[in-house]
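Only heavy atoms go into these numbers, but all of them, side chains included; no hydrogens, no water, no symmetry mates.
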Amino acid sequence: MSRSSDWGIPAGLIALSVIPIAAGSVRLMQLAGGAVTEENARFFDSPLPAIAHITTVTLFSLLGALQFAPRIRNAYPAWHRWSGRLVVPSGLTAALTGLWLAHFYYLPPTDGTALYLMRLIVGVWMTYALCRGYLAIRARDVETHRNWMLRGYAIGMGAGTQVITNLPVILTVGPPDTALRAVLMGAGWAINAAVAELIIFRRGRPAVLALA
């Protein structure tokens with residue numbers, strides 16, 4: 001495998017994270033500066049879960065991307081293990097705070113019940129996948145660990161893909177209504193989940209979707 005192809009996947013994943021991380025950084029600056037608007041007022045009502053979510057999603061996205069670089073994983077296995085000890089708790093914190101935000105923050109006008117339910121489903125799924133990945137590596141089952149961590153990371157990266165699914169609509173017809181926004185957001189998670197399952201399948205082991 002060439003050096004360029006070895007770094008292609010993590011570089012692409014980091015690029016996919018750029019806009020969501022930038023948006024999160026802007027949100028943190030607003031919280032720090034007290035810049036309250038109608039759109040972000042709900043974050044000021046209970047800022048700590050939002051701050052925890054943004055910081056841990058950022059850590060999960062960037063460190064998680066580097067887990068997909070075989071050159072690092074093979075040459076520096078100790079780094080891979082120690083960074084993994086940050087990836088799992090940061091991912092779990094991101095998922096759990098995401099569930100908290102979805103359930104306890106009031107819905108903005110652009111959202112609706114369908115998107116709320118999808119956020120609950122993907123938050124629970126991400127939590128479950130990361131827990132399965134952690135338990136698998138504790139049992140020395142590397143292949144199962146890789147599969148479940150990939151599933152968890154794919155869902156966690158949904159915000160990056162949602163930029164791709166939403167942006168063409170916003171640029172051509174304007175902001176989507178509640179129903180279309182739910183479809184576009186759901187498509188981001190669905191695309192990532194499908195890609196993860198395809199990768200798992202192509203590794204030579206059928207995707208295991210059962211919860212048992």
Side-chain angles (χ1 to χ4, degrees), residues 1-25 27-28 32 47-101 122-161 189 192-193 195-205 207-208 211:
M1 180 179 292
S2 68
R3 184 178 296 272
S4 59
S5 62
D6 192 40
W7 284 98
I9 292 176
L13 292 173
I14 291 173
L16 192 64
S17 307
V18 167
I19 292 179
I21 289 174
S25 299
R27 185 76 68 204
L28 289 178
L48 289 181
I51 293 170
H53 182 72
I54 293 168
T55 54
T56 54
V57 162
T58 299
L59 185 62
F60 180 71
S61 299
L62 298 179
L63 279 182
L66 296 178
Q67 300 291 310
F68 293 94
R71 192 177 298 274
I72 292 179
R73 189 171 61 243
N74 296 331
Y76 306 101
W79 185 92
H80 177 77
R81 289 193 298 271
W82 280 103
S83 63
R85 290 171 184 171
L86 292 175
V87 169
V88 172
S90 64
L92 287 173
T93 302
L96 293 173
T97 53
L99 286 168
W100 198 100
L101 299 178
V122 298
V124 170
W125 176 249
M126 180 176 171
T127 302
Y128 178 81
L130 294 176
C131 287
R132 284 293 300 267
Y134 171 77
L135 292 174
I137 200 61
R138 294 284 294 178
R140 310 291 184 184
D141 186 347
V142 174
E143 189 66 23
T144 298
H145 165 74
R146 291 176 65 197
N147 290 347
W148 282 105
M149 291 302 297
L150 175 58
R151 291 181 176 116
Y153 187 78
I155 290 299
M157 291 293 289
T161 308
W189 286 309
N192 284 15
V195 170
E197 294 303 328
L198 179 61
I199 292 172
I200 292 169
F201 179 78
R202 295 179 79 173
R203 283 174 179 167
R205 183 174 181 179
V208 179
L211 299 185

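- Smallest separation of non-hydrogen atoms from I14 and A65: CG1-CB, 3.7 Å.
- Listed by first and then second residue, the side-chain hydrogen bond (donor to acceptor under 3.5 Å, both in side chains) pairs that reach into residues 15-25 come to none, sequence neighbours excluded.
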- Query: Please walk me through it: do Y128 and W148 pass side chain to side chain contact (heavy atoms under 4.5 Å, CB included)?
  - Reply: CA-CA 9 Å; Y128 178 81; W148 282 105; 3.7 Å; yes

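- Annotation: the span from I137 atom CD1 to R81 atom CZ amounts to 9.5 Å, rounded to 0.5 Å.
- The side-chain heavy atoms of L198 and R202, taken from C-beta on, include a pair separated by under 4.5 Å.
- Using a 4.5 Å heavy-atom threshold, the side chains of N147 and R132 count as separate.
- Not counting sequence neighbours, the partners of T97 by the side-chain hydrogen bond (donor to acceptor under 3.5 Å, both in side chains) test are H53.
- Atom CZ of R140 sits in a sparse spot, with 12 or fewer heavy atoms from other residues, nucleotides or ligands closer than 6.0 Å.
- Not counting sequence neighbours, the partners of F60 by the ring-ring contact (aromatic ring centres under 6.0 Å, His included) test are Y153.
- Within the 4.5 Å cutoff, side-chain heavy atoms of L92 are placed close to those of T127.
- Checked against side-chain hydrogen bond (donor to acceptor under 3.5 Å, both in side chains), R27 has the following partners two or more places apart in sequence or in another chain: Q30, E39.
- Applying the side-chain hydrogen bond (donor to acceptor under 3.5 Å, both in side chains) criterion to T58, with sequence neighbours excluded, gives no partner residue.
- Considering V124, V122, L130 as possible partners of M126, the one that fulfils the side chain to side chain contact (heavy atoms under 4.5 Å, CB included) test is L130.
- Shortest non-hydrogen contact noted between A94 and V57 is CB-CG2, 3.4 Å.
- Closest non-hydrogen pair, A193 versus I155, comes out as CB-CD1, 4.4 Å.
- Summarising the geometry, atom CZ belonging to R151 is positioned 11.5 Å from atom CD1 belonging to I199; distances are rounded to the nearest 0.5 Å.
- Two residues are said to be in side-chain contact when any heavy atoms from C-beta on lie closer than 4.5 Å; R203 and R146 meet this criterion.
- For the atom pair Q67 CD and L150 CG, the distance stands at 12.0 Å (nearest 0.5 Å).
- For the atom pair CG (L135) and CG (D141), the distance works out to 11.0 Å, reported to the nearest 0.5 Å.
- In this structure, H145 has no side-chain hydrogen bond (donor to acceptor under 3.5 Å, both in side chains) partners at least two apart in sequence or on a different chain.
- The structure places CG of L62 at 10.5 Å from CG of L13, a figure rounded to the nearest 0.5 Å.
- With a 4.5 Å cut-off on side-chain heavy atoms, W79 and L66 count as touching.
- Using a 4.5 Å heavy-atom cutoff, the side chains of L59 and T93 are not in contact.
- Counted within 6.0 Å of CG on L28, heavy atoms from surrounding residues, nucleotides or ligands total more than 12; the atom is thus considered enclosed.
- To the nearest 0.5 Å, atom CG of residue L96 and atom CG of residue L101 are 11.0 Å apart.
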